[in-house]
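Structure first, commentary second.
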Amino acid sequence: MGDDDIGTLRLRRIPILNGFESVSSAAVELPKTSESPQLLKIRHSMSHVMAMAVQQLFPSARVTIGPWTETGFYYDFDNPDPFTEADLKAIKKGMIKIINKKLPLERVEVSRSEAEERIKAQNEPYKLEILEGLQEPITLYTLGKEWWDLCAGPHVEHTGQLNPKAFELESVAGAYWRGDETKAQLQRIYGTAWESADQLAEHKRRIEEAKRRDHRRIGNDLDLFSIEDEAGAGLVFWHPRGARMRLLIEEFWRQAHFAGGYELLYTPHVADISLWKTSGHLDFYSESMFGPMEVDEREYQLKPMNCPFHVLTYASTLRSYRELPIRWAELGTVYRYERPGVMHGLMRVRGFTQDDAHVFCLPEQISDEILRILDLTEEILSTFDFTNYEINLSTRPEKSIGEDAVWELATKGLVEALERKGWSYKIDEGGGAFYGPKIDLKIEDAIGRMWQCSTIQLDFNLPERFKLEYVAADGSRQRPIMIHRAIFGSLERFFGIMTENYAGDFPFWLAPEQIRLLPVTDEVMSYAEKIQQSLRKAGVRCNIDQSGDRLGKLIRTGEQKKIPVLAVIGAQEAEHSTLSLRSRLQGDLGEVAVDALLQAAKKANEQRDATLDLPMATPIGAS
RNA sequence: GCCGGUGUAGCUCAGGGGUAGAGCAACUGAUUCGUAAUCAGUAGGUCAGCGGUUCAAUUCCGCUCACCGGCUCCA
């Protein structure tokens, strides 16, 4: 797929705001560890150096594992006292000392028994456990004379090849031994390391850039949404500006779905608990559900998913094969119990709206239906400038239900659809749900992060549990195939991702306030009001800045609120029936006739454009 | 849920056992102004909540809640 023009334009044009430079022409390359053999060695060695420094400072610390990450490394320790941020400074000093000694790192191949002896001599129980899982040959790396670690390598030759000015210890965190929350709690220290100080500086700049884009910050600054303590964690309040954007997203979504052959449903938020018993959620999903509530001696359950409702809707009447495929979508709000401490802005909440849909079809329709879904997914995601995807196809796990033939047919249908779409994908062998294979899709944002949103899952389970049927051509009763799919995943989460993708600089069509009129003096207020009225009538979201501040301040405020188009109105504009436009993404658009702006804005809204299509008008003062 | 950190005005933050501070935002007034901050004034806080220590707690201690960075889990 081609380059994203809007995206690149935006990256180049964002001005410097509050001293924070945004994505700049980054001359400094930051390869990932997996892309650079040299960085891999550096980071691998750094984690050894860190572990050695830690054990020098904290002799009671036991070592566990210390791998590289894509931007650095970490090491997990078992230490009686957790490390504090202050300890990091001391550890860093210790590391610099080790680096300056130019200690050699040497690979030593040892027998299993020798390794065991050496580990026991140092009383490192975790290392012993690691050793048990290792295949021959067993190698360890020495770091100078005093320190060594079980390791496959590779490493730099000596610590003098590590740049003491190009690493940083970033944070301490709790982690579990072997990632298992029932096992010992360890202390993890994260670090980053590079070849040059420039790279380190660039890495830090990118962290700042991610902070600048943080949807929680932008949501607050632009007054889009909030999460209120009094209401509870993970429950989202959409403020007028955010709600307006959500409405625009939903309108687009509905229109795309109707065009794509879907019908829309509305279903209840609660249902009798017996429904959840039939669906299996009570047995397999209850720890993620809000507790039941009793009404009239009947127990009701708040919905964590929409599918049982769509299934009931299907089952409400006898279906013929001629009706299939049935495609039903719903913006369905669900509630899930999330453990305290896992909530995160809009990305992880307890109440959220899924753009859920279910397709009931014949086995031979699977491939076509999946392809349609892929097409719709691309259409919808690319409208928000997400055009790079990473696709995973997950196949049958060991524990699963359904006949071999059905699994085979279904998996073939998914593969066929992906091939027809021409999308490359990875296969996650055995990674499917117990009830069917699935396709997951991740999108890449403007700063290269991947986010899982869309998912397409085949389900042989629910139709079985609810005994769904259709009447086949021969008059027999057959079971339909059910496809679950979501494109945004959750509106909240998608909104958060999209906000970070645009860094709050939303495209024109999506901005909650599209045009702000800036009256230079009070004298032009009535002219401004007239313009506001006609723009609003045309469906353009437009306000007048009534603050009475001077123009410089009005512009500053408008830019800080990331309004796409600021329209300066002074005596000259009133006289000419024009506005002087300043576009956030396009710069100065000059003096433009009111009607020209109106037409351009309407067109941008209809086409969902990021910017206005306006011929450059006469520059100010030229007449 | 677990480990660590944080919680002072709408926002960003200072302060500290003896009645609470700044800048920005808000409001009021003056200014009527041309492309990123006009000036002056006013108002705004149970210092997250609950309990304890103390003559006195926003400050010290404990618990709870929320948030932040991770772990685990996940849309």
Side-chain angles (χ1 to χ4, degrees), chain A residues 15-19 74 76 79 81-88 170-190 207 211 214 216-217 220-221 223 226-234 287-288 304-305 332 334 336-356 440 451-455 484 486-494 496-497 518-525 547-561 566-573 580-582 584 587-588 590-591 620-621:
Chain A
I16 292 165
L17 299 163
N18 302 331
Y74 66 82
D76 287 349
N79 196 43
D81 296 313
F83 301 117
T84 64
E85 301 277 337
D87 292 334
L88 292 190
E170 295 183 303
S171 62
V172 284
Y176 301 105
W177 171 235
R178 299 249 145 117
D180 184 339
E181 63 180 320
T182 63
K183 296 211 164 95
Q185 176 88 45
L186 307 173
Q187 299 298 319
R188 174 171 301 176
I189 301 177
Y190 280 98
I207 291 172
K211 271 192 204 161
D214 192 313
R216 294 167 296 185
R217 177 198 188 89
N220 192 41
D221 287 351
D223 198 14
S226 66
I227 292 163
E228 299 294 330
D229 271 15
E230 281 184 80
E287 74 276 15
S288 293
M305 292 191 191
V334 298
R336 295 184 186 173
Y337 172 74
E338 295 287 354
R339 298 157 95 186
V342 304
M343 262 73 74
H344 180 94
L346 296 180
M347 305 295 196
R348 187 84 180 269
V349 291
R350 282 179 170 163
F352 58 98
T353 302
Q354 293 182 307
D355 67 319
D356 211 353
D440 290 318
W451 302 92
Q452 152 110 52
C453 292
S454 315
T455 175
H484 307 250
I487 292 172
F488 295 137
S490 115
L491 277 175
E492 285 76 6
R493 185 174 154 80
F494 183 79
I497 294 166
L518 311 180
V520 177
T521 66
D522 287 349
E523 269 87 80
V524 292
M525 200 54 93
S547 68
D549 288 325
R550 298 194 176 166
L551 184 58
K553 182 64 179 294
L554 300 185
I555 288 179
R556 181 181 156 84
T557 308
E559 292 287 358
Q560 282 180 335
K561 292 293 175 193
L566 298 176
V568 174
I569 298 173
Q572 179 182 307
E573 286 79 9
S580 290
L581 300 185
R582 179 183 160 121
R584 193 163 158 79
D588 189 359
E591 197 174 330
I620 297 170

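Quick caveat, the model's predicted, so the values are computed rather than measured. Here is how names work: the chains are called A, B, and so on, in the same order as the sequence lines, proteins then strands, and each is numbered from 1.
- Residue A:Pro82 is classed as a sugar-phosphate contact, given heavy-atom separations below 4.0 Å to backbone atoms only.
- Remark on RNA chain B: of its neighbouring residues A:Asp221 and A:Ile569, the 5'-side contact belongs to A:Asp221, judged by nearest-heavy-atom nucleotide.
- With sequence neighbours excluded, the residues that form a salt bridge (Lys or Arg N to Asp or Glu O under 4.0 Å) with A:Arg582 are A:Glu559.
- For the pair A:Lys211 NZ and B:C67 C1', the interatomic distance rounds to 15 Å; values are reported in whole Å.
- Figure legend. B:C74 is base-paired to no nucleotide; pairs are counted as Watson-Crick or G-U wobble with both atom distances under 3.5 Å.
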Point to revise | Residues A:Glu338, A:Met343; criterion side chain to side chain contact (heavy atoms under 4.5 Å, CB included); working and verdict | key: CA-CA 7 Å; A:Glu338 295 287 354; A:Met343 262 73 74; 3.6 Å; yes
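- Separation of the C1' atoms belonging to B:A43 and B:G10 is 13 Å when rounded to the nearest angstrom.
- Comparing the same atom, C1', in B:G45 and in B:A26 gives a spacing of 15 Å after rounding to whole Å.
- B:G52 sits 33 Å from B:C13 when the P atoms are compared, rounded to a whole Å.
- Along RNA chain B, the nucleotide closest to A:Gln187 and the one closest to A:Thr557 are compared, and the more 5′ of them pairs with A:Gln187.
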Review point. Does the pair A:Asp214 and A:Arg217 meet the rule for a salt bridge (Lys or Arg N to Asp or Glu O under 4.0 Å), with working shown?
Key: CA-CA 5 Å; A:Asp214 192 313; A:Arg217 177 198 188 89; over 6 Å; no
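- Residues A:Glu287 and A:Arg339 fail the side-chain proximity criterion, which asks for heavy atoms closer than 4.5 Å.
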For nucleotides 38-44 of chain B, print each protein N/O atom paired with a nucleotide N/O atom at under 3.5 Å, atom names and distance only.
{"residue": "B:U38", "atom": "O4'", "partner": "A:Arg550", "partner atom": "NH1", "Å": "3.2"}

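- Comparing B:U42 with B:U54, their P atoms sit 42 Å apart, to the nearest whole Å.
- Remark: B:C33 base-pairs with no nucleotide in the shown strands. Criterion, Watson-Crick or G-U wobble with two distances under 3.5 Å.
- Minimum heavy-atom separation, A:Pro519 to A:Val524: CB-CG2, 3.8 Å.
- Contact record, A:Leu581 with A:Ala567: CD2-CB, 3.6 Å, taken as the closest heavy-atom pair.
- Base pairing analysis places B:C24 opposite B:G10; the two distances defining the Watson-Crick or G-U wobble pair are each below 3.5 Å.
- Across every strand in view, B:G45 sits unpaired, with no contact that passes the Watson-Crick or G-U test at under 3.5 angstrom.
- Nucleotide B:C50: paired with B:G62 (Watson-Crick or G-U wobble, both distances less than 3.5 Å).
- Listed by chain and residue number, A:Tyr190 satisfy the ring-ring contact (aromatic ring centres under 6.0 Å, His included) test with A:Tyr74 (two or more places apart in sequence, or in another chain).
- Atom pair A:Asp588:CG and B:G34:C1' shows a separation of 12 Å (rounding to whole Å applied).
- Base pairing annotation: B:A57 forms no Watson-Crick or G-U wobble pair, as no partner gives both donor-acceptor distances under 3.5 Å.
- The two residues A:Arg350 and A:Ala233 make their nearest non-hydrogen contact at CD-O, 3.7 Å.
- For A:Glu287 against B:G1, a side-chain-to-base donor-acceptor contact under 3.5 Å is absent.
- Nucleotides B:U59 and B:G16 are separated by 6 Å at their C1' atoms, to the nearest Å.
- The ring-ring contact (aromatic ring centres under 6.0 Å, His included) test applied to A:Tyr176 returns no partner, not counting sequence neighbours.
- Closest heavy-atom contact between A:Ile207 and A:Glu170: CD1-OE2, 3.6 Å.
- Annotation: B:A56 and B:U46 have their P atoms spaced 23 Å apart (nearest Å).
- Nucleotides B:A20 and B:A48 are separated by 14 Å at their P atoms, to the nearest Å.
- Contact record, A:Asn79 with A:Phe83: ND2-CE2, 3.5 Å, taken as the closest heavy-atom pair.
- Of the listed nucleotides (B:U35, B:C3, B:U32), B:U35 has the atom at the smallest distance from the side chain of A:Leu551.
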Exercise for review: List the protein contact pattern of nucleotides 68-75 of chain B with one symbol per nucleotide (5' to 3'): B for base contact, S for sugar-phosphate-only contact, - for none; contact means a heavy-atom distance under 4.0 Å.
Suggested key: SBBBBBBB
Dump every N/O contact between nucleotides 63-65 of chain B and the protein below 3.5 Å, one line per pair.
none

Practice item. Decide side chain to side chain contact (heavy atoms under 4.5 Å, CB included) for A:Val172 and A:Thr84; before the verdict, give the C-alpha distance in whole Å, the side-chain angles of both, and the deciding distance to 0.1 Å. Key: CA-CA 7 Å; A:Val172 284; A:Thr84 64; over 6 Å; no
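- Taking atom C1' in both B:G1 and B:C60, one finds a spacing of 29 Å when rounded to whole Å.
- The two atoms that bring A:Gln354 and A:Val334 nearest to each other are OE1-CG1, 3.9 Å, heavy atoms only.
- Judged by Watson-Crick or G-U wobble contacts below 3.5 Å, the nucleotide B:G4 has B:C68 as its partner.
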